[in-house]
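Have a look at the structure below before the remarks.
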Amino acid sequence: MKATDQYFDGIAEKFARNIYGTTKGRLRHLLLLEVLTPYLDNRTPMKVADIGGGTGIMSKAIADFGHCVHLFDASEDILSLAQEFVSDDENIQVFLANIQHIENLSTYDFVVCHAVLEWLAAPLDTLAGIYHKMKPGARLSLSFFNKDAALFGNALYGNFDYIAKGMKVKNQVRLNPNNPLSPQIVLSSARDMGFDVERISGIRCFHDYMKEKQLSDEQFSQLLALEKNYMEAEPYCWLGKYMHFMLKKI
Ligand SMILES: C[S@@+](CC[C@H](N)C(=O)[O-])C[C@H]1O[C@@H](n2cnc3c(N)ncnc32)[C@H](O)[C@@H]1O
């Protein structure tokens with residue numbers, strides 16, 4: 001059977017609850033914001049495309065810096081949650097679109113593509129397509145599910161059979177991405193395409209490996225500070241559950 005991209009129709013509510021209603025989701029969002037803030041703060045208003053933007057949490061945060069954001073997603077279910085979430089924000093517009101078919105990407109100063117590549121049948125081809133459509137000088141904030149971290153985490157849990165079978169996801173675990181990516185492969189592909197890699201960060205380098213994940217507010221703050229301190233430091237950054245690359249089209 002031919003692989004297809006996985007839109008979030010039918011699992012939108014579950015995604016919103018499981019991902020953003022948890023420590024995991026909060027940490028991911030706060031750490032991504034930490035990386036993005038220097039590119040958003042005190043800048044003349046930019047035109048931003050949040051592609052595969054989901055429920056709009058990041059679009060909203062970016063719009064709060066005064067930028068104009070267009071959120072694109074291929075899932076109608078996801079977009080109705082996004083529409084509800086951003087309805088009172090006139091700096092955000094929401095569009096039903098497949099990433100591969102966004103034709104006006106060259107009009108944006110800043111493109112956000114977070115946690116989408118791992119759901120695509122052909123992630124690197126899609127990345128090349130994004131590169132070709134972007135205008136020179138524009139940036140791509142790219143984050144994706146890290147295959148190396150997935151292997152490491154599964155080893156810690158003793159999931160040896162799962163690793164031996166190539167960590168292939170059964171259909172029922174639908175919030176587990178089909179297609180985690182190797183950071184080194186994405187990095188070298190991005191460089192070959194012509195991107196300048198400005199910044200490399202690991203998103204959640206420690207949290208997912210912790211034995212005790214029930215955290216008090218104080219422990220959460222301490223963990224957040226630790227994650228921020230080490231997110232760009234070797235070797236920790238390479239084991240972030242997600243990788244983040246800030247890429248500039250030169
Ligand atoms: C894990 S969610 C990430 C959402 C958001 N970027 C975030 O970081 O929370 C992945 C999103 O990609 C969307 N998606 C998957 N394939 C797509 C495609 N080919 N074109 C547009 N959106 C797509 C899904 O519908 C889903 O909303």
Side-chain angles (χ1 to χ4, degrees), residues 2-36 40 48-63 69-86 92-105 108 110-130 133 140-147 149-150 169 171 173-181 201-204 208 240-246:
K2 194 170 177 292
T4 52
D5 296 353
Q6 201 174 338
Y7 308 160
F8 275 28
D9 286 326
I11 54 169
E13 295 274 0
K14 187 173 173 195
F15 170 69
R17 226 177 20 251
N18 284 19
I19 306 296
Y20 281 112
T22 60
T23 314
K24 262 194 338 196
R26 265 171 70 210
L27 260 182
R28 180 166 78 90
H29 180 67
L30 293 171
L31 294 169
L32 285 169
L33 256 190
E34 174 76 8
V35 181
L36 260 62
L40 302 172
V48 179
D50 188 0
I51 59 178
T55 53
I57 309 255
M58 188 52 80
S59 289
K60 180 104 176 73
I62 295 172
V69 186
H70 290 175
L71 185 162
F72 299 89
D73 202 287
S75 158
E76 288 187 30
D77 288 0
I78 278 282
L79 282 188
S80 69
L81 292 180
Q83 196 76 62
E84 201 179 320
F85 183 62
V86 306
I92 308 178
Q93 277 179 274
V94 169
F95 300 93
L96 181 66
N98 186 308
I99 289 185
Q100 292 90 346
H101 302 148
I102 304 172
E103 292 307 333
N104 66 343
L105 219 49
Y108 295 89
F110 198 85
V111 179
V112 176
C113 184
H114 290 172
V116 182
L117 287 192
E118 62 269 27
W119 299 97
L120 304 181
L124 294 178
D125 290 347
T126 304
L127 183 60
I130 295 169
K133 286 181 191 166
L140 172 65
S141 171
L142 182 71
S143 151
F144 58 89
F145 200 68
N146 179 353
K147 191 173 186 180
V169 178
N171 276 341
V173 206
R174 289 193 62 205
L175 278 181
N176 240 354
N178 292 332
N179 209 358
L181 293 128
S201 318
I203 304 296
R204 296 203 320 253
D208 295 51
K241 198 71 187 193
Y242 290 82
M243 289 306 301
H244 181 274
F245 299 151
M246 186 59 80

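In this text, all values refer to a predicted model and were calculated from it rather than measured experimentally. As the structure lists them, so they are numbered: ligands from 1, and atoms in each ligand from 1.
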Heavy atom of M58 under 4.0 Å from ligand 1? no
W119, any N or O under 3.5 Å of ligand 1 N or O: no
On a heavy-atom basis, the closest approach of V116 and I51 is CG2-O, 3.7 Å
For H29, state whether at least one heavy atom is located under 4.0 Å from any atom of ligand 1. no
For G56, does its backbone N or O pair with a side-chain atom of D50 as donor and acceptor, under 3.5 Å? no
Please identify which atoms of ligand 1 are closer than 4.0 Å to at least one heavy atom of S75. 25 (O)
What atoms of ligand 1 come within less than 4.0 Å of a heavy atom belonging to Q6? 15 (C), 16 (N)
I'd like to check which ligand 1 atoms, numbered from 1 as shown, lie under 4.0 Å from a non-hydrogen atom of R28. 7 (C), 8 (O), 9 (O)
Under 3.5 Å, side chain of N146 to main-chain N/O of G240, donor-acceptor pair present? yes
Using every non-hydrogen atom in the two residues, find where P123 and L181 come nearest and quote the distance to one decimal. CG-CD2, 3.7 Å
Using the side-chain contact (heavy atoms from CB on, under 4.5 Å) rule, pick out the option among V112, V69, V94, V48 that qualifies with S59. V69
Counting both backbone and side chain atoms, is some N or O of D50 under 3.5 Å from an N or O of ligand 1? no
Please tell me if the side chains of F144 and F245 come closer than 4.5 Å, counting only heavy atoms from C-beta onward. yes
Please check: side-chain N/O of R204 versus main-chain N/O of K24, any donor-acceptor pairing under 3.5 Å? yes
Would you kindly specify which portion of Y7 sits under 4.0 Å from ligand 1, judged on non-hydrogen atoms: side chain, backbone, both or neither? both
Hey, looking at atom 19 (N) of ligand 1, which of L71, V116, L117, D5 has the closest heavy atom? D5
Would I99 count as a polar contact of ligand 1, with the cut-off being nitrogen or oxygen pairs under 3.5 Å? yes
Backbone, side chain, both or neither: what part of L120 comes under 4.0 angstrom of ligand 1, heavy atoms only? side chain
Among A74, S59, A115, G54, closest by heavy atom to atom 3 (C) of ligand 1 is A115
Between D9, I78, D73, flag the one that comes closest to atom 25 (O) of ligand 1 by a heavy atom. D73
Please verify whether a non-hydrogen atom of C113 lies at under 4.0 Å from ligand 1. no
Flag if over 12 foreign heavy atoms under 6.0 Å of NZ, K147: no
Where the side chain of N179 meets the backbone of L120, is there a donor-acceptor pair that is under 3.5 Å apart? yes
